[in-house]
Structures are given as structure tokens and as C-alpha cells.
Amino acid sequence: MTKIVLHDTKTKLKKPLEPVVPGKVGMYVCGPTVYDRAHIGNARPVVVFDTLYRLLRQVYGTDNVTYVRNFTDVDDKINARAAESGRSISDITEETIGWYLDDMGAMGALEPDEAPRATQSIDAMIKMTEELIAKGHAYAAEGHVLFSVKSDPEYGSLSHRNVDDMIAGARIEVAPYKRDAMDFVLWKPSDADTPGWDSPWGRGRPGWHIECSAMAREVFGERFDIHGGGNDLMFPHHENEAAQSRCAHGHDGMASIWMHNGMLQVEGAKMSKSLGNFFTVKDLLDKGIPGEVIRFVLLSTHYRAPLDWTERGVSEAEKTLRKWRTLTVGIEPAATVPPSVIAALSDDLNTAGAIAALHGLTGDPAGLLAGASMLGFLSDALGEWADAPEVGDAGAMIEALIAARTEARKAKDFARSDAIRDGFAAAGVIVKDTADGATWELAPDFDPAKLEGLV
RNA sequence: GGCGAGUUGGCGGAGUGGUGACGCAGCGGAUUGCAAAUCCGUGUACACGAGUUCGAUUCUCGUACUCGCCUCCA
């Protein structure tokens with residue numbers, strides 16, 4: 001079996017993937033808080049871990065991989081959105097989840113095997129919170145339950161932080177009910193206007209971090225293989241998740257490998273609303289940038305490195321995909337994925353290396369197609385954008401003009417033939433002169449009106 | 001202030017202790033009436049300074065710069 005190695009944040013090493021249950025892989029990726037459209041930065045982990053999912057399915061078999069991505073549908077941002085819009089929380093979360101799946105699907109992201117929602121796992125969170133209290137790792141105070149960071153000597157081991165250093169330099173407002181500045185909330189009280197559930201500590205709602213610990217355990221049990229997300233989640237979210245699970249279970253096996261993708265920038269600058277370079281996946285799709293092209297851009301840089309989203313990168317991606325699509329028209333994919341592609345992906349998900357490998361397969365369209373499919377490219381479902389424009393009534397005119405040009409060339413009337421040639425170019429008609437005569441096809445910017453003056 | 005990541009040719013972007021990936025652009029050639037398309041060829045790149053080594057872009061230390069996180073954030 002292909003050996004897969006992945007970089008683990010905790011150990012800072014590339015570790016061979018050795019599944020807890022031999023032959024079966026479990027992967028948990030932190031999903032969105034559903035209160036608004038996903039932006040392009042949100043899309044990176046989705047596409048990155050989708051690609052890993054595809055690799056795992058290829059190597060271990062489709063039925064032997066379980067990919068879980070949660071929806072955080074209880075959160076103060078959602079509450080705020082509901083309050084300001086007057087809409088119900090469930091309206092907002094349902095709509096946003098639908099958007100999310102549509103937008104991610106447009107980039108060829110497969111849906112996970114399981115997509116648990118926080119609101120459907122409240123009992124599991126309460127249970128885990130009780131366990132943490134029982135084991136002395138958490139305490140109830142004023143309707144809150146807090147995790148005691150000091151009770152966990154390994155706290156900080158994932159993100160490589162020292163608790164004392166953090167307190168020293170931090171701008172943390174210490175709530176009166178906290179025993180220690182770093183303690184974080186497992187459960188907090190809800191007022192009448194806030195969603196809440198009955199609990200041993202009164203009506204309330206869970207803190208953010210507990211949901212992933214509880215839901216991952218519900219699906220996988222105490223140990224699973226890969227836990228992923230953006231590196232901004234490394235601290236505090238994943239650190240806290242790891243602490244909760246470690247302290248509840250008495251071992252550090254929550255995830256064998258922690259993976260974190262790098263952040264996305266736009267034209268070299270941090271993406272932010274104030275800079276005006278903040279956009280959602282839907283914005284890009286509406287602008288006419290195909291989801292497949294977005295996917296390509298997101299995979300053309302190694303996942304751990306920062307990724308700069310640029311117009312130029314988009315157009316290069318589009319050009320490459322168009323070329324590959326042209327090369328593979330009517331081709332059946334090879335039965336096996338080319339080893340060069342598998343080898344690149346198996347080495348810490350080197351998608352840029354895999355794309356380079358695909359460039360090397362342009363002489364082998366069947367292999368190219370098989371390899372590209374492995375990366376989620378060149379599917380029919382994502383390919384509509386690359387279809388040639390409709391020729392409409394212009395076909396006859398184009399044929400006539402080609403004939404006229406051929407005549408002109410025979411007559412050595414080069415002024416005429418060159419005028420037609422240039423006119424074709426301007427109108428988006430691509431003419432290729434071959435030994436058997438001229439063939440033509442339409443460019444994406446085909447404009448039949450521009451042919452009128454040539455006749 | 002603390003922690004982490006990054007710095008590769010015109011651009012993008014892999015990788016490696018010893019023969020300079022790959023793509024785009026550029027340049028030269030073939031082809032063409034001229035082009036387009038195609039094909040062939042083409043680049044003394046690894047932030048800087050020390051160190052280790054027979055040899056470093058690749059390892060170590062330091063410096064600079066960029067970015068991220070430390071507060072909701074993928």
C-alpha cells in the first residue's frame with residue numbers, strides 16, 4: 001500500500017499515517033460557523049482536505065475512509081446576526097449551510113461522510129463537560145463551566161506555547177468567575193433571548209471548543225487519525241480541543257496527526273473588509289471565475305505555505321485547465337492514477353508537486369486525465385465553463401470567410417487574407433492551418449458581430 | 001513582548017548535502033507568403049552573515065524583511 005506521510009503540527013515532523021484501526025482512516029476537519037457566506041480563505045482548507053480525502057479514498061478504498069466536518073450552528077455570531085436581522089436562528093443556519101455546500105461543491109469538494117451539527121450534539125457536550133468536572137479538570141461557577149488550564153500539564157503542547165508567557169503578554173480580560181486567566185468556557189448561561197439547553201448548571205449553551213471534542217468522540221471514539229483546519233485554529237481552538245479530550249480520556253490520542261493549512265492573502269496583502277479585498281467564493285463564481293479554477297489556484301501552493309490569491313494566478317490556472325481539457329476531450333482516463341501524482345500527494349499532500357507531475361503527462365492524455373481526476377479536476381460536472389461558445393448562425397459565415405481567405409491566399413492577395421485572419425482573431429475565432437486545410441474553433445470571447453465587416 | 005510560518009530565476013512554484021523540477025512569460029530555431037497553432041532549443045535562482053563539510057540553495061547559529069496567531073476568524 002502507498003505510504004502516506006503528513007506533517008504533524010504537534011511534533012513538527014512528517015509522520016507516516018498509521019491508522020488507529022488498520023486499513024481504515026478517520027479524519028475530522030473543523031467546519032464553518034454558519035452565519036454568512038464562506039469567503040475565499042474559508043475555501044482553502046475545504047479544498048485542501050478534500051484533496052487529502054480523495055487521496056485517502058484512493059489509497060485505502062472509498063469505504064474505508066470517514067471524513068467528518070462539523071457545522072457550528074450555535075455561536076454568538078449567529079445570535080448577533082439573528083438579533084440584528086430579526087430572523088430566526090434556524091433560518092439563518094439552514095440557509096447558510098445550503099450556501100456553503102453549494103459553494104464548496106462548485107469547487108468540486110466532495111461532501112464529508114458525516115457533517116454533525118453542534119445543536120444536535122448538546123447532550124454529548126454536556127456529558128463530556130461533566131466528565132471533566134468529575135476528573136478535576138473543570139469547575140462550575142456562576143452558571144459557567146470553565147476548563148482549568150492549570151490542571152493540564154500538557155496544555156500548550158500542540159501549539160507550542162507556554163502558558164505563563166501567554167498570560168504575561170496577553171490582553172485577556174479576566175472574568176470574575178475564572179480561577180485563572182487562561183481558563184476557557186465549556187458551558188455558559190443563556191438568557192431568555194439566547195438559545196439554550198437545560199444542563200446541570202442551568203439553562204445555557206456550550207462554549208466553542210467543546211463541540212469538536214464531543215462530536216469527534218461520538219463519531220470516532222477516543223482516537224482517530226487526522227485532525228485538520230486552518231492554522232489560525234491552532235490556538236486556541238485546537239489546543240483547547242486537545243486539552244479537553246486529553247483530560248477527559250486520560251491519553252493524548254485524540255488525533256494522531258494534526259494538520260494546519262496556511263493563511264490566504266490577496267495580492268500580497270492580508271484579506272480584510274477594510275482593504276476591499278475581501279470576497280466570498282460566491283462573489284468569485286458570480287464574477288465568472290469557475291469553481292474549478294478556484295480549486296486549481298488553491299492547490300497550486302503547498303497547503304502549509306501562505307497562499308497569495310492574485311488575478312494572474314487565476315488566469316494562469318484557467319489557461320492550464322483549458323489546455324488540459326482540450327488535450328483530454330473524448331479520452332477515457334487510464335485505469336490507474338499515475339505514480340508520479342500519487343507520490344507527490346503522498347508526501348505531505350504536495351499538491352503543487354502533483355500539478356507539476358500532471359504537466360509532465362501532457363503526452364499521455366489518459367494518464368493526465370486519471371491524475372487530474374485524482375485531484376478533483378477535469379470532471380464533467382466542473383467543466384461547463386470550458387465549453388466553446390455557441391456558434392449560432394455564424395457558422396456559415398465563418399466557413400465562407402475561411403474559404404475566402406483560402407482563395408485570397410491562392411491569389412496571393414495577402415492584404416485580403418491577412419485582414420480576414422486578423423478579423424478572426426479579433427472576433428474570437430481560432431483558425432488553425434493544417435496540412436489538410438484550415439480548422440476553426442471558438443474562443444471564450446467569441447463575438448459574431450465582429451465578423452460582420454469582413455465579408 | 002511571546003509563539004509559529006515564510007524568504008528559490010522576469011512571475012508563479014516544487015525540491016535536494018554534490019549533473020540548477022515544473023508552469024507562465026521572454027529569447028532562438030523549425031514550420032508559415034506573414035502569422036496563429038504545433039514542435040525543438042534556451043536561463044551561471046535559491047534574503048544576508050558566519051559555521052559544519054571534500055562540497056550547502058539544502059544542515060546549524062545569528063541578522064534582516066514579510067506574514068500569521070496570541071481577541072471572533074480557515
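Below, read A as the first sequence line, B as the second, and so on, with proteins coming before strands; counting in each chain starts at 1.
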Could you tell me how far B:rU66 sits from B:rG55 if I compare only their C1' atoms? Round to whole Å. 32 Å

In this structure, which one of A:Ile78, A:Asp73, A:Val74 forms a side chain to side chain contact (heavy atoms under 4.5 Å, CB included) with A:Thr33? A:Ile78

Can you find a donor-acceptor N/O pair under 3.5 angstrom joining the side chain of A:Ser417 to the base of B:rG33? yes

With a 4.0 Å cutoff (strictly under), does any side-chain N or O of A:Lys410 reach OP1 or OP2 of B:rG33? no

Mapping A:Gly353 and A:Phe414 to their closest nucleotides on RNA chain B, which lands nearer the 5' end? A:Gly353

Indicate whether OP1 or OP2 belonging to B:rA35 is found under 4.0 Å from a side-chain N or O atom of A:Lys432. no

Counting side-chain heavy atoms from C-beta on, which of B:rC11, B:rA14, B:rC70 comes nearest to A:Glu316? B:rC11

Using atom P of each nucleotide, how far apart are B:rA21 and B:rA35 to the nearest Å? 31 Å

Answer yes or no: does a side-chain N or O of A:Lys323 lie under 4.0 Å from OP1 or OP2 of B:rG23? no

Basic-acidic side-chain contact under 4.0 Å: A:Asp283, A:Lys287: no

A:Glu407 CD - B:rG33 C1' separation (whole Å): 16 Å

Does the distance from a Lys or Arg side-chain N to an Asp or Glu carboxylate O, for A:Lys77 and A:Asp36, drop under 4.0 Å? no

salt_bridge(A:Lys178, A:Asp183) N-O dist < 4.0 Å: no

Does A:Asp308 get its side chain close enough to the base of B:rG12, under 3.5 Å, for a donor-acceptor pair? no

Between B:rU52 and B:rC40 - C1' atom distance, rounded Å: 44 Å

Side chain of A:Arg161 only, heavy atoms from C-beta on: which candidate in B:rG13, B:rA35, B:rC70 is closest? B:rC70

Could you state the CZ-P distance from A:Phe296 to B:rC22, rounded to the nearest angstrom? 16 Å

Rounded to whole angstrom units, what separation is found between the CG atom of A:Leu361 and the C1' atom of B:rG23? 14 Å

Ion pair check, A:Asp348 and A:Arg304, cut-off under 4.0 Å: yes

Describe the nucleic acid contact of A:Ala352 in one word from base, sugar-phosphate, nothing, applying a heavy-atom distance below 4.0 Å. sugar-phosphate

Would you name the heavy atoms of A:Ser190 and A:Pro195 that are closest together and state the gap between them? OG-O, 2.8 Å

For the side chain of A:Ala356, starting at C-beta, report the closest nucleotide among B:rC11, B:rC22, B:rA5. B:rC22

Taking B:rC65 as the reference, what is the distance to B:rC59 when you measure between their C1' atoms (whole Å, please)? 23 Å

Heavy-atom closest contact (A:Ser256 atom, A:Lys15 atom, distance): O-NZ, 2.9 Å

Taking any heavy-atom pair under 4.0 Å as a contact, classify A:Lys319: base, sugar-phosphate, or nothing. sugar-phosphate

How close or far is atom P of B:rA5 from atom OH of A:Tyr303, stated in whole angstroms? 13 Å

Looking only at heavy atoms, which two atoms of A:Ile92 and A:Val34 are closest? And how far apart? CG2-O, 4.1 Å

May I ask you to verify if any side-chain N or O of A:Thr301 is less than 4.0 angstrom from the OP1 or OP2 atom of B:rG13? yes

Between A:Pro290 and A:Leu285, what is the shortest heavy-atom contact and its length? C-CD2, 4.2 Å

Whole-Å P distance, B:rG9 and B:rG51: 25 Å

What is the distance from CG of A:Leu375 to P of B:rA14, rounded to the nearest Å? 14 Å

Close N/O contacts between protein and nucleotides 72-74 of chain B (under 3.5 Å):
{"residue": "B:rC72", "atom": "O2'", "partner": "A:Lys77", "partner atom": "NZ", "Å": "2.2"}
{"residue": "B:rA74", "atom": "OP1", "partner": "A:Asn42", "partner atom": "OD1", "Å": "3.2"}
{"residue": "B:rA74", "atom": "O5'", "partner": "A:Asn42", "partner atom": "OD1", "Å": "2.8"}
{"residue": "B:rA74", "atom": "O2'", "partner": "A:Gly230", "partner atom": "N", "Å": "2.6"}
{"residue": "B:rA74", "atom": "O2'", "partner": "A:Asp232", "partner atom": "OD1", "Å": "3.0"}
{"residue": "B:rA74", "atom": "N1", "partner": "A:Leu264", "partner atom": "N", "Å": "2.9"}
{"residue": "B:rA74", "atom": "N3", "partner": "A:Gly41", "partner atom": "O", "Å": "3.3"}

Atom pair distance, as rounded to whole Å: CG in A:Asn240 and C1' in B:rC70: 12 Å

Please state how far atom CG in A:Leu349 lies from atom P in B:rA14, giving the value in whole angstrom units. 12 Å

B:rU58 and B:rU16: how far apart are their P atoms, nearest whole angstrom? 13 Å

Can you tell me whether the side chain of A:Asp418 and the base of B:rA35 have a donor-acceptor pair closer than 3.5 Å? no

Touch class at under 4.0 angstrom, heavy-atom based, for A:Arg405 against every strand present: base

Sticking with atom C1', work out how far B:rG1 lies from B:rU8, rounded to a whole angstrom. 32 Å

Taking B:rG15 as the reference, what is the distance to B:rU63 when you measure between their C1' atoms (whole Å, please)? 26 Å

I'd like to know whether A:Lys12 forms a salt bridge (Lys or Arg N to Asp or Glu O under 4.0 Å) with A:Asp8, so could you lay out the CA-CA distance, the side-chain angles of the two residues, the decisive distance to 0.1 Å, and finally the verdict. CA-CA 5 Å; A:Lys12 303 186 188 181; A:Asp8 171 42; over 6 Å; no

What integer distance in Å separates A:His7:NE2 from B:rG6:C1'? 13 Å

Shortest non-hydrogen separation from A:His238 to A:His260 and the atoms involved: ND1-NE2, 2.7 Å

Determine the minimum heavy-atom distance between A:Gly26 and A:Phe224, stating which atoms define it. O-CD1, 4.1 Å

Paired runs of 3 or more consecutive Watson-Crick or G-U pairs involving RNA chain B, with both pairing distances under 3.5 Å, are B:1-7 with B:64-70, B:10-12 with B:22-24, B:26-30 with B:38-42, B:47-51 with B:59-63

Closest-nucleotide ordering on RNA chain B, the 5'-leading residue of A:Asn350 and A:Thr320: A:Asn350

